[in-house]
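What follows is one structure encoded as structure tokens, with my remarks underneath.
One-based numbering, in listed order, for ligands and for the atoms of each. Quick note: residue numbers are just sequence positions, from 1.
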Amino acid sequence: MNIKNIQTTPFNDQRPGTSGLRKKVKTFQQPHYLENFVQATFDAQPALKGGILVLGGDGRFYNRTAIQIILRMAAANGIARTIVGQGGILSTPAASCIIRKYQTQGGIILSASHNPGGPDEDFGIKFNVDNGGPAPEKVTEAIFQRSTEIGSYKILEADDINLDRIGTSALGEMQVDVIDSVKDYADLMQHLFDFPAIHHLFNSGSFRMCFDAMHAVTGPYAREIIENMLGAEPGSVINAVPKEDFGGGHPDPNLAHAQEIVEMTHCLDPVDFAAASDGDGDRNMILGKNFFVTPSDSLAVLAANAHLIPAFPSGISGIARSMPTSQAADRVAEMLGIECYETPTGWKFFGNLLDSRKIAICGEESFGTGSDHVREKDGLWAVLFWLNLLAVKQQPVAQVLKSHWKIYGRNYYTRYDYEGVDKDAAEALMQHLRDRFGALPGQEFMGYTIEYADDFSYTDPIDGSLSSRQGIRIGFTDGSRIVYRLSGTGTVGATLRVYLERYEPDPEKQNQETAVVMAPLVQIAIDLAEIGARTGRSAPDVIT
Ligand code: VG1
Ligand code: CO
């Protein structure tokens, strides 16, 4: 066995963001860049030595190369066994499922999620701990610290492993198992949902659906589960073959980027249900006939109806939502008499709450929903949950939402993203808002009176860790909110996200255009933060 000890020097930009380390492919291709981060991860996680590692990614450009490097480094670092998805493919929720099922010491997921892929686009790497979830901040911080002092890394000299053939082989003293990427995940889904009922929905009437895998990782999963196991009409899953560049598109399931299915729900003969997932399979967008379900509403509806699916026969223990997510879920929790936790943005903050069973369902406004079945958000899980509900309720998607709003009220919601903004200007904008905190409460703008203004901080109720500066909240006396955050997943400049919500309890006023309802709050948000003057932008890049 030929283990090399390669000398290296630290890079100063390897601090993981909201979800791992995301950079341009070109950055990762620099000599030692990927290797440094992987060695820092192994060094910070001594339990991996002699243990099992799960490895896979969303299939984007550089996925296969990175996997071969990581395998050789894992072998050199004394990992006993690595489980790899066939072809290097594992969706993020499938990786989480496999870490848990085989009780491994963790996993490495290669993905930049919804960011475009290709030689000039983005790549990413993330470490998940042994509960299957993204590493908590104390672990990512330890990895980062190690990356700043690293002087060498270990790598085995060996040939590439054949990633396409399922089976077991050896790499030095490490066992490599190339496994079916889909099977374990599909088995889990079958236990959570009423597959016969969904099968019946597809085969007993006129119900038609379309799932857009956006040329990303979910294709093989959706084909197997939706078409083969549940019997949806062949062709119900589109763009199902993962491509290294996602077909040149932006694998982001929202109204701006998943236009193919938006049209299929708005045409002359619309499908009853449509959904899409992102690059790594953890996000979802849900559409009905001429109808868009906001992710915040989706979370609330799933929570309110959880007792209708086999996974939650006696309901759920609690709910959590990220801070910018609308308060629709809070209203459900209140009525169910359960707790609703408000966490910072990023799935890693749900881990402790799920592990301690304080919550069973959680979600984010950024098209992420999930439960205690894994420790990642799960796009296909949300789609199957919706299908199970539709099979039980026998109602169109729009009707499900309208009935929900009647009971709980409607939280109109919109998000504005300003991408690629100058970093210093974005920081200054946030500071300008912070400087005004004291003066804002009590002030009135366009009929809205500010009740509070603060910078969100969170103390984890389980381990007591404190995360501060997690986004600026401006709350109004009628329950409306404006939230400002800088993204932690971008690779160019800064992305300013502005999240807005307004509560409407009156059923007579629950069917208005979101853009019309939100217009005054949007104007207040722009004015308060001086967005135009400070960023030079007269309009956002994306509205969701
Ligand atoms: C974004 C979303 C956040 C999500 C994160 C990872 O982060 O806002 O809710 O958890 O992406 O999702 P940010 O810091 O850019 O706002 V994914 O699908 O990229 O793993
Ligand atoms: Co994702």
Side-chain angles (χ1 to χ4, degrees), residues 15-23 57-60 90-96 109-117 122-128 133-135 137 140 213-214 216-218 221 242 246 250-254 257-258 276-285 294-296 299 320-326 342-351 362-370 374-382 415-421 426 430 456 467 469-472 483-499 541-542 544:
R15 173 175 262 136
T18 312
S19 181
L21 183 68
R22 289 190 191 166
K23 301 281 174 196
D58 63 12
R60 68 178 60 226
L90 282 180
S91 77
T92 291
S96 184
I109 303 175
L110 303 170
S111 170
S113 189
H114 51 289
N115 295 9
D122 292 355
F123 191 73
I125 175 167
K126 172 170 94 151
F127 180 69
N128 279 32
E137 279 191 327
T140 54
M214 304 192 83
V217 80
T218 330
Y221 297 86
F246 308 119
H250 208 121
D252 198 356
N254 59 35
H257 295 298
S277 194
D278 70 331
D280 61 328
D282 56 0
R283 296 185 176 207
N284 72 92
M285 174 169 72
T294 71
S296 296
L299 171 66
R321 62 164 172 84
S322 68
M323 183 272 281
T325 304
S326 97
E342 183 176 42
T343 58
T345 293
W347 212 260
K348 59 188 166 212
F349 294 103
F350 295 133
C362 43
E364 298 191 277
E365 52 61 45
S366 54
F367 298 84
T369 11
V374 289
R375 292 293 180 274
E376 287 279 4
K377 55 185 183 273
D378 189 343
L380 205 45
W381 169 89
R415 182 176 110 180
Y416 278 38
D417 289 336
Y418 299 82
E419 296 172 352
V421 172
M430 295 295 277
F456 180 59
S467 305
R469 292 208 160 192
Q470 296 296 319
I472 289 172
V483 172
Y484 302 87
R485 257 189 84 245
L486 298 185
S487 155
T489 58
T491 55
V492 184
T495 292
L496 169 67
R497 304 201 196 286
V498 186
Y499 313 78
D541 297 274
V542 183
T544 49

Sort out for me which residue in [options] forms a side-chain contact (heavy atoms from CB on, under 4.5 Å) with [X].
X      : options                : result
Lys126 : Ser113, Pro16, Pro134  : Pro134
Phe349 : Cys362, Ser322, Pro344 : Pro344
Glu364 : Thr369, Leu299, Thr325 : Thr325

N/O separation below 3.5 Å, Asp282 to ligand 1: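 Looking only at distances, the answer is yes, because the N/O contact criterion of under 3.5 Å is met.
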Has ligand 1 got any nitrogen or oxygen that is less than 3.5 angstrom from a nitrogen or oxygen of Leu486?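 No, there is no polar N/O contact under 3.5 Å.
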Of the choices Lys348, Glu364, Arg283, which has the non-hydrogen atom that lies closest to atom 1 (C) of ligand 1?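 When every heavy atom of Lys348, Glu364, Arg283 is considered, Arg283 comes closest to atom 1 (C) of ligand 1.
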Do you see a donor-acceptor pair shorter than 3.5 Å between the side chains of Asn115 and Thr489?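 No, because no side-chain N or O of Asn115 sits under 3.5 Å from a partner of the opposite role on Thr489.
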Which one holds for [X] and ligand 1: side chain close, backbone close, both close, or neither close, with close meaning a heavy atom under 4.0 Å?
X      : value
Asp278 : side chain
Ser366 : side chain
Thr489 : both

Does even one non-hydrogen atom of [X] get within less than 4.0 Å of ligand 1?
X      : value
Arg22  : yes
Gly368 : no
Arg485 : yes

Near [X], which atoms of ligand 1 are under 4.0 Å from a heavy atom of that residue?
X      : answer
Ser19  : 6 (C), 20 (O)
Arg497 : 8 (O), 13 (P), 15 (O), 16 (O)
Thr18  : 5 (C), 7 (O), 13 (P), 14 (O)
Gly488 : 13 (P), 14 (O), 15 (O)
Thr345 : 3 (C), 8 (O), 9 (O)

Identity and separation of the nearest protein heavy atom to atom 12 (O) of ligand 1: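 In this structure, atom 12 (O) of ligand 1 has Lys377 NZ, 2.8 Å as its nearest protein heavy atom.
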Nearest protein heavy-atom contact for atom 18 (O) of ligand 1: which residue, which atom, what distance?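 So the nearest neighbour among protein heavy atoms is Ser113 OG, 2.5 Å.
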Out of curiosity, Arg22 CZ to Ser487 OG, how far, rounded to the nearest 0.5 Å?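 Those atoms lie 8.5 Å apart.
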With carbon and hydrogen excluded and only N/O/S kept, which atom of Asp278 is nearest the Co ion (ligand 2)?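 Of all N, O or S atoms belonging to Asp278, OD2 is the one nearest the Co ion (ligand 2).
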For the Co ion (ligand 2), find the closest N/O/S atom on Asp282 and give its atom name.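 Output for this pair reads OD1.
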Please report the closest heavy-atom contact between Ser296 and Ser326, naming both atoms and the distance.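 Nearest heavy atoms, Ser296 then Ser326: OG-N, 3.1 Å.
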Using every non-hydrogen atom in the two residues, find where Tyr221 and Leu90 come nearest and quote the distance to one decimal.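 Between these two residues, the closest heavy atoms are OH-CA, 3.4 Å.
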Under 3.5 Å, is there a donor-acceptor pair between the side chain of Ser96 and the main chain of Arg375?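 Checking the backbone N and O of Arg375 against the side chain of Ser96, a donor-acceptor pair under 3.5 Å is found.
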Would you say Ser277's side chain and Asn284's backbone share a donor-acceptor pair under 3.5 angstrom?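 No, the answer is negative, given that no donor and acceptor are paired below the 3.5 Å cut-off.
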I'd like to know if [X] pairs up with [Y] as an ion pair, taking the criterion as any Lys NZ or Arg NE/NH1/NH2 lying under 4.0 Å from an Asp or Glu carboxylate oxygen.
X      : Y      : value
Arg60  : Asp280 : no
Arg497 : Glu365 : no
Glu342 : Arg321 : yes

Angle at the Co ion (ligand 2) (to 10°), with one arm to OG of Ser113 and the other to OD1 of Asp280: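 That angle works out to 100° after rounding to 10°.
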